There are 2 protein chains.
Amino acid sequence: MPKCYAMTGGKTGTWAVTSMRNVRGDGLTAAERIDISPIDLAPSPAGASWTLRGLISNIRYAERAEIAALKARQEGLGRPNAIRAALIPIRKSPAWWDLAQDERRAIFEETSHHTAIGMAYLPTIARQLYHCRDLGEPFDFLTWFEYAPEHATAFEDLVAKLRDTHEWTYVDREVDIRLARTGVHQE
Amino acid sequence: MPKCYAMTGGKTGTWAVTSMRNVRGDGLTAAERIDISPIDLAPSPAGASWTLRGLISNIRYAERAEIAALKARQEGLGRPNAIRAALIPIRKSPAWWDLAQDERRAIFEETSHHTAIGMAYLPTIARQLYHCRDLGEPFDFLTWFEYAPEHATAFEDLVAKLRDTHEWTYVDREVDIRLARTGVHQE
């Protein structure tokens, strides 16, 4: 089933608009009908091996004290000395997605210490999570890490600790891609 | 800042692949470089008034007992007699999005009884939530409801109760669009 939809207000569509009212803030221009159709995301460019798509979302599991600690310590992507990266796309099993929010949270942090493990490697390892599952993609998450060459050992240590958690037993597909930034600090 | 990205493995891009390893499940075909670019979602069709885009996601707040109760009672979209609908796009304030997961959950259910209110109107009012915020859209959610004409009063009652919750004080943009399905049961 498609997961991404466009609702277009105009002159066509199955649903006829019978009323439209601005409740709060800016309204929308008038429309006679609304059409609801699945969106096709941009295809892989010609000649490419594959394309993986993901969204930067809000933080889903971390609680107030953890967010404050993360914000205080983390650094952004694109630091001049962070010329090594890892792209690790992962998919979690149907058993994970059948869990409720409280159950996932319990495994994520209270059992697996996911946030605490990552925190120990801040700010040397910068991270960005992309969510893919809601786009109907083959992976659920694209995890992206950037670090300086001298922190490569610390990064291996971080990845090993994450793979050793209870949370990771729910990962049923994982590819580990390592990268070097080109055009700067050619070595 | 764009929120939706494509990571394409091929022959171009800033990042050179230095290694690629299948850890679990199916791998990916080889690539020399990875290009990371923002995705432009499909534009509004010519002649349309507007297009709102949204994703069907997993349930973010409900806990185990609530999910079981929802699944037992709710019915899907497209029921033959459900020829009335409401599309209510909403945006929540920056103050809402600055909250942590535990704080949002506390307002969502423990203070506002959002799930419990909706539950009382199942199965007569069918609902589908589309998430937009992660697509960089002007609204955060597209809420969609379908019901039979004889349940219109029950629907007004449901909407009034939701608008009266503490959660709704965080809604800073809201448009209320009512619809009738065409091509069936012409009245």
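Fair warning: this is a prediction, and the values are worked out from it, not measured in the lab. Reminder, nothing fancy here: chain letters follow the sequence lines and each chain counts from 1.
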Side chain from CB out, backbone as N, CA, C, O: work out which of these in B/Leu52 comes under 4.5 Å of a heavy atom of chain A, or both, or neither. both
Salt-bridge criterion met for A/Asp140 and A/Arg91 (N-O under 4.0 Å): no
With chain A, which of B/Ala85, B/Cys132, B/Gly136, B/Ala86 has the greatest number of heavy-atom pairs at distances under 4.5 Å? B/Ala85
Please classify the contact between A/Leu142 and chain B as side chain, backbone, both or neither, with a heavy-atom cut-off of under 4.5 Å. side chain
Segment of B/Lys11 engaging chain A (4.5 angstrom heavy-atom cut-off): neither
Quick one: does A/Arg79's side chain have a donor or acceptor within less than 3.5 Å of a partner on A/Glu146's backbone? yes
In terms of heavy-atom pairs under 4.5 Å with chain A, the winner among B/Gly54, B/Ala31, B/Gly10 is B/Gly54
Under the side chain to side chain contact (heavy atoms under 4.5 Å, CB included) test, which residues partner A/Ala106, sequence neighbours left out? A/Glu110
Does B/Ser57 reach the side chain of A/His131, with side-chain heavy atoms less than 4.5 Å apart? no
Minimum-distance pair of heavy atoms, taken over all atoms of B/Gly9 and B/Ile34: CA-CG1, 4.3 Å
Report yes or no: does A/Glu174 contribute a side-chain atom to a donor-acceptor pair with the main-chain N or O of A/Ile88 at less than 3.5 Å? no
Closest approach of A/Trp144 and A/Tyr130, non-hydrogen atoms and distance? CB-CE1, 4.1 Å
Distance from B/Ile117 atom CD1 to B/Asp164 atom CG, nearest 0.5 Å? 8.5 Å
Please tabulate, one pair per line, all N/O donor-acceptor pairs under 3.5 Å involving side-chain atoms of residues 13-30 of chain B, not counting sequence neighbours.
| residue | atom | partner | partner atom | Å |
| --- | --- | --- | --- | --- |
| B/Thr18 | OG1 | A/Arg178 | O | 3.0 |
| B/Arg24 | NH1 | A/Val171 | O | 2.9 |

Chain A neighbours within residues 118-128 of chain B, where any heavy atom lies under 4.5 Å away: none
May I ask you to check whether A/Thr12 and A/Asp35 show a side-chain donor-acceptor distance below 3.5 Å? no
For chain A, the option from B/Pro45, B/Ala6, B/Ala180, B/Ala48 that forms the most heavy-atom pairs under 4.5 Å: B/Ala180
Measuring from A/Leu135:CG to A/Leu55:CG, what's the distance to the nearest 0.5 Å? 4.5 Å
Side chain, backbone, both or neither: which part of A/Leu87 has a heavy atom under 4.5 Å from chain B? side chain
Between OG of B/Ser44 and CZ of B/Arg53, what distance do you get to the nearest 0.5 Å? 6.5 Å
Choice from B/Glu32, B/Glu137, B/Met7 maximising heavy atom contacts with chain A below 4.5 Å: B/Met7
I need the contact set between residues 150-163 of chain B and chain A: heavy-atom distance under 4.5 Å, sorted by residue number. B/Arg163
Could you tell me which non-hydrogen atom of B/Val175 sits nearest to which non-hydrogen atom of B/Phe139, and how far apart they are? CG2-CZ, 4.0 Å
